[in-house]
Structure formats: C-alpha cells, structure tokens
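In what follows, a single structure is set out as structure tokens and then discussed.
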Amino acid sequence: ILSAYFCKGNSLREVQKYDEAIKCYNQAISLQPDYLDAHLNKAICLEIVEEYDEALKCYDKALSLEPGNANVYYNKGDSLYKLRRFKEAIEAFQMVVKLAPMDYECYSNLGRTLEFVGIKKEATHYFKLARLSLRVSQKLDRGLSEENSREIMEQEILAERSKRYFDKDGSKDFRIY
C-alpha cells in the first residue's frame, strides 16, 4: 500500500495535479515516516505550488534522513533563492558543490545567487566552473570514465582556485572557498 500511494503521487505529479500528489505523499509518509523519496517529491510539489516554507520543512526532514544528499541540498537552495534568503541559498549550493562537484547547474545557480547579492568576482568564478563542469560532463557522456572525469574536474578546480588566490596586484584574495 505504501508504494501505491507513492506511485499514485508520482503519477499525479506528472499530470500536474500537485495538491492531490501532496496528499498521496502525505499518506506514504504517514505509513513510513522515514521515506526519503516521499519527503523529497512532496517538497518538489510544494515548491511548484509556491509553498516554499513548507517545501523547506520537507527538505530539512529529507536531510535529517540522508544528510549527504546533494539533490536535496540543490532543491533546498532553489527554494531559499525563491524566498530571497540568499545567504542560506548560497550555503545550500556550496554543499552541493562539495557533495557533487560535477553538477554544472549548481555552479551556475551558485554564480547567479552570488551575482544577485553583488559578489561579482565569486559569481564569475562559479560561472566558469559551470562551463568547465559541463565540458567535463560532456566528455563523460562521450566515454571518458567517471573516475577520469572527476580527476580532470578536480584538477581544473584546483587550478582555477590557485589562479584566484591572488588578485592582479599580487595581494591575497581571502574569499576563496
């Protein structure tokens, strides 16, 4: 019966019946309170219907169940951005960068958020990393092994960070992450 509620919620979400989908996810959660995917899918539906505060509660519950889930942090960052809670959104996107360094969309969203709050230099850095990550991901799609792809990405990130460590005048830039 648990999977029936969950699957029905997914089907309703697919046909954009979000309020009904949320009810199904609530039923699944009532049967199994630690059902991570039900909390996550419910949060996504809540975000779509612009109930961001409620979505955040679901994301927080999902993170309590699986603290290292990059997908949850990504979606939480998106909700926080929409609520104009930019500092928290930046923190969430930075967690995604740590947990999933190949996620080019996250680099882009982090850059967008930093740019919005006026931290242009950091924003530019993350936009560059988004392009780099996309290129590495495309190489992965063309047959480069994931291990080699990660290694290349990590080397490129370190190279980019070392370039950023010094400003043009040679003074240190202490805002690196």
Side-chain angles (χ1 to χ4, degrees), residues 1-119 122-123 125-127 129-130 133-134 136-137 140 146 149-150 153-154 157 175-177:
I1 194 163
L2 173 68
S3 64
Y5 282 121
F6 182 73
C7 290
K8 184 176 180 182
N10 288 345
S11 296
L12 289 165
R13 187 179 74 165
E14 287 295 316
V15 295
Q16 300 178 354
K17 294 185 177 182
Y18 304 113
D19 290 330
E20 293 175 51
I22 291 166
K23 290 176 186 173
C24 288
Y25 295 132
N26 282 336
Q27 289 293 334
I29 291 166
S30 72
L31 294 171
Q32 185 177 332
D34 63 347
Y35 195 172
L36 175 71
D37 290 335
H39 287 285
L40 181 56
N41 288 2
K42 176 183 173 185
I44 291 168
C45 289
L46 287 164
E47 188 174 346
I48 290 169
V49 297
E50 299 181 356
E51 292 185 36
Y52 302 116
D53 288 319
E54 289 302 310
L56 287 173
K57 291 176 187 174
C58 291
Y59 291 133
D60 287 338
K61 177 62 179 176
L63 286 170
S64 75
L65 298 171
E66 192 174 314
N69 190 312
N71 189 35
V72 177
Y73 276 109
Y74 180 89
N75 288 310
K76 181 179 179 179
D78 192 51
S79 284
L80 289 163
Y81 181 88
K82 290 172 182 170
L83 285 169
R84 303 179 64 82
R85 291 167 54 181
F86 301 118
K87 183 176 187 265
E88 293 169 273
I90 289 167
E91 291 169 0
F93 291 137
Q94 286 174 333
M95 281 300 297
V96 179
V97 167
K98 288 178 185 173
L99 296 168
M102 299 290 290
D103 190 334
Y104 64 88
E105 290 178 348
C106 183
Y107 286 115
S108 181
N109 283 348
L110 182 51
R112 173 189 61 157
T113 308
L114 289 164
E115 184 177 57
F116 191 83
V117 297
I119 306 173
E122 291 297 316
H125 166 69
Y126 284 105
F127 289 135
L129 289 176
S133 179
L134 178 59
V136 172
S137 294
L140 182 61
E146 185 170 348
S149 186
R150 279 186 182 278
M153 184 65 183
E154 287 170 6
I157 289 171
R175 289 192 305 162
I176 63 173
Y177 293 98

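It should be emphasised that the depicted structure is a prediction, and the values quoted were computed from it without experimental measurement.
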Spacing of E66 atom CD and D37 atom CG [to the nearest 0.5 Å]: 8.5 Å
So how far is it from Y126 OH to S108 OG, rounded to the nearest 0.5 Å? 13.0 Å
Quick one: do R112 and E115 make a salt bridge, cutoff under 4.0 Å? no
Is there side-chain contact between K76 and D60, with heavy atoms separated by less than 4.5 Å? yes
Determine the minimum heavy-atom distance between Y73 and P67, stating which atoms define it. CE1-O, 3.2 Å
Taking only residues two or more places apart in sequence, or in another chain, which ones meet Y59 in a ring-ring contact (aromatic ring centres under 6.0 Å, His included)? none
Any donor-acceptor N/O pair, Y25 side chain to N41 backbone, under 3.5 Å: no
Please give me the minimum heavy-atom distance between A100 and A70, naming the atom from each residue. CB-CB, 3.9 Å
Heavy-atom pair with the smallest gap, counting every atom of A21 and R13: CB-N, 3.8 Å
Passing candidate, side chain to side chain contact (heavy atoms under 4.5 Å, CB included) with D103, options L110, V96, N109, V97: V96
Can you list everything that forms a side-chain contact (heavy atoms from CB on, under 4.5 Å) with K8? Sequence neighbours excluded, please. L12, C24
Would you give the length of the straight line joining atom SG of C45 to atom OH of Y18, rounded to the nearest 0.5 angstrom? 7.0 Å
Kindly say whether M95 contributes a backbone atom to a donor-acceptor pair with the side chain of Y74 at under 3.5 angstrom? no
Measuring from atom CG of L31 to atom CG of N26, what distance do you get when rounded to the nearest 0.5 angstrom? 11.0 Å
Closest heavy-atom pair and its distance - A28, L2: O-CD1, 3.2 Å
Between CG of L56 and CZ of R85, what distance do you get to the nearest 0.5 Å? 5.5 Å
From CA spacing to verdict: side-chain contact (heavy atoms from CB on, under 4.5 Å), T113, L80: CA-CA 10 Å; T113 308; L80 289 163; over 6 Å; no
Less than 6.0 Å separating the ring centroids of Y81 and F86? yes
Candidate pair V117 and I90, rule side-chain contact (heavy atoms from CB on, under 4.5 Å), full reasoning: CA-CA 10 Å; V117 297; I90 289 167; 4.2 Å; yes
In Å, rounded to the nearest 0.5 Å, how long is the span from OH of Y5 to NZ of K23? 12.5 Å
Hey, is the main chain of C7 close enough, under 3.5 Å, to the side chain of S11 for a donor-acceptor pair? yes
May I ask you to check whether over 12 heavy atoms, not counting those of K82, lie within 6.0 Å of atom NZ? yes
For A130, is there any backbone N or O sitting under 3.5 Å from a side-chain donor or acceptor partner on S133? no
Who pairs with C58 by side-chain contact (heavy atoms from CB on, under 4.5 Å), at least two apart in sequence or on another chain? K42, A43, L46
